[in-house]
Every structure is written in C-alpha cells, then in structure tokens.
Amino acid sequence: MPELPEVETIVRGLNSMVKGLTVQRLPHVSPHLLKREPQLRQLTGDTFKSFERRGKYIIAFLKSGRRLMIHLRMSGRILVGEDQRRRDKHDHLEIVFRARSRRLVFRDVRKFGVIQFVRDGQQETLNRLGAEAPAITASQLQALVCKSKRHVKSLLLDQYVIAGLGNIYVDESLYRSYIHPLRASSSLSAKEIRALARAIRQIMALAIKNLGTTFDSYSGVNGETGRFARYLKVYNQNGSRCGKCSDIIVKIKVGGRGTHFCPTCQKDDCRS
DNA sequence: ATTCTCACCTGTTAGC
DNA sequence: TGCTAACAGGTGAGAA
C-alpha cells in the first residue's frame, strides 16, 4: 500500500504526535509480530526520540540507543489517537504512552508488515537501498539503467536500485516521461533518462505535498487521507481517456504487477 | 550472476 | 443472487 510519499507523511505525523513519548505498556502484541521480533516487548519503558524515513522504511530512534524499523508493506497502517478506542480485529500492536493517555496502533489486514529492532542484518538491508527517489538525478539514473536489460518498470520498482517508488508512482513517472513500461532499461536514450529522472522528482514532490494517495484504506497517523489520487493520469485510469492524446489508457501485467499506460504517448516501437 | 515467479494473508470486486 | 477467481499500494526466497 504505502509508497514513499505515504511513508513520509506518516513519519512527519509520528514526529509531531509521538516524538518524546515514553511507552507505558503494550496492551496487545500479535504472535506473528513477536515471531519476527521476539524482543518487541522491550519497548516498554523506552522513549521515542525521533523518526526518520529511508525508502519505504520507518526508523524510530529510541532513548535506549536502539532503533526500531517498521515496514508497512501492502496494508500496514499506523494510527495515533486517544487511549480509549475499541480494538480492531486487524490491530497487531498497541502502544499506550505515559503522557496524555495517547495510544499508537499498528493495523495491518494482510499481515505482511514487519516491525523489528535494527540489527546487523537489517542495517545491511538499509545500506543496500538505492538513492532516494525524490532526489534522483539523471546521471545517477543513467548509471543504473544502462547496465540492465530488465523492463524499465521492474527496474524502477527495485528498492535496491531506487528507494521509495512503488506501483502507482512508477506508472505515473513513466507516463509523464513518455516511456513504455516494457522498454528494456538499457535502451533508454540520454534524453529519456533526463525526462524520467525529472518526472520522478516532480511526482514525488507533488505527492508528498498532497500527503500521498488514498484509494480506500491509507491515511496518515491522524486518519487524514492523501489527496494525490486527483492527480493520477494513468494508475487505475484504464478505460478512460489520456489527457494528452485522448487515446484510451490500458492496463497490462508487467512482472506480475498491474501496469497502466497510454499506448499512444508511451510507444513501444523501440523496446530493445 | 541476474532475473523471474510465486508465496506470504485477508478483503474486495469482477465475472460467470 | 451466489459462488469462484483474480486482484490489491510490497518484498524476499528460491527457481530458472
């Protein structure tokens, strides 16, 4: 579910609502989270100093010196509110803080989300992540793209190439730069690479400014929904008309992911 | 070595 | 209307 702009919105919300709070108790921790992180209950008594984002990861810095790493995957959400709401069947972690009876809930319908302390293995994963999508430059992208024959869509989804892009923003970036999703990465011209890098930066900036994209379930920590859906040109727009050429937006599968594009604006005639 | 496919889990929706 | 299959914002293990 959440891509970089959504995670960025959540991290900002955590820094405004949870920073400085001390964990009083954990009224609820699901077994599947404890299986991944048996020491999760050690959060009790610790204090959240600050939150940062790296790619789609949330990193919480704790007073004890440890760091907690959260990945929301497809359906994970973090909600912060008063400590008296009813527990949802998909709530897997509840944190009650000492001050102001504030409560944090980790909710995740599909249970793909991961919460664990940062150890060597997790640090290695963070180290290997690619450049941050909102800051990607044409020369960085050039170096990444030229070595691979993979479909450009699949390459852009690879977090170890560029960190933060997901299915929505890859489709939107390719549309904005007139590139067909099935193009071989190494076939992109210098001009196309410049356009793509610029599109990625612009779309990330606009999406962050609009608090991300909400279709149904995503929201920030206070429940506020993202407004970027109104700017979508191709994602989920199959069947409607392209805003540039009036052709019909189509949907295909690339690397197992639904992929939306304009067959006229994003020509596939030079795939290799 | 790089790249592709599938499983992970639950809910919703499209199609018969 | 009801059943079933396919699909969903992501990623990693194992196969090719």
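Just so it is clear, the model here is predicted, and its values are computed rather than measured. Convention: sequence-line order gives letters A, B, ...; per-chain numbering from 1.
The side chain of A:H90 contributes an N or O atom lying less than 4.0 Å from OP1 or OP2 of B:dG11. For A:K111 and B:dT10, the shortest distance from a side-chain N or O to OP1 or OP2 is below 4.0 Å.
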**OP:** Could you encode protein contacts along nucleotides 4-16 of chain C as a string, one character per nucleotide from 5' to 3', using B for base contact, S for sugar-phosphate-only contact and - for no contact, with a heavy-atom cut-off of under 4.0 Å?
**Re:** ---SBBBBS----
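The aromatic ring centroids of A:F215 and A:Y218 lie 6.0 Å or more from each other. Residues A:Y169 and A:F228 place their aromatic rings such that the two centres sit under 6.0 Å apart.
Note: CZ (A:F106) to C1' (B:dC9) measures 13 Å, nearest angstrom. The CG-C1' distance, from A:N238 to B:dA14, rounds to 12 Å in whole Å. The NE2 atom of A:H151 sits 10 Å away from the C1' atom of B:dC4 (whole-angstrom rounding). Rounded to an integer number of Å, the gap from A:K89 NZ to B:dC9 P is 15 Å.
Geometric assessment of A:R102 against the ring of A:F97 yields a negative cation-pi assignment under the 6.0 Å and 45° thresholds. Judged by the 6.0 Å and 45° rule, A:K244 forms a cation-pi pair with A:Y175.
Environment of OH in A:Y178: sparse, with no more than 12 heavy atoms of neighbouring residues, nucleotides or ligands closer than 6.0 Å. For A:R36, the CZ atom sits in a loose shell: 12 or fewer heavy atoms of surrounding residues, nucleotides or ligands are nearer than 6.0 Å.
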Original post:
Taking only Watson-Crick and G-U wobble pairs with both distances under 3.5 Å, what dot-bracket line describes DNA chain C, where [ ] shows pairs that cross earlier ones and | shows pairs with another strand?
Top reply: .|||||||.|||||||
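Rounded to whole Å, the separation between the C1' atoms of B:dC6 and C:dA6 comes to 15 Å. The gap from the P atom of B:dA1 to that of C:dT11 amounts to 24 Å, rounded to the nearest Å.
The distance from the CD1 atom of A:I115 to the NE2 atom of A:H32 is 8.0 Å, given to the nearest 0.5 Å. Rounded to the nearest 0.5 Å, atoms CD (A:E132) and CG (A:L165) are 10.0 Å apart.
With hydrogens and angles disregarded, no donor-acceptor distance shorter than 3.5 Å links the side chain of A:H28 to the backbone of A:L26.
Using a 4.0 Å heavy-atom criterion, one finds that A:S75 contacts no nucleic acid atom at all.
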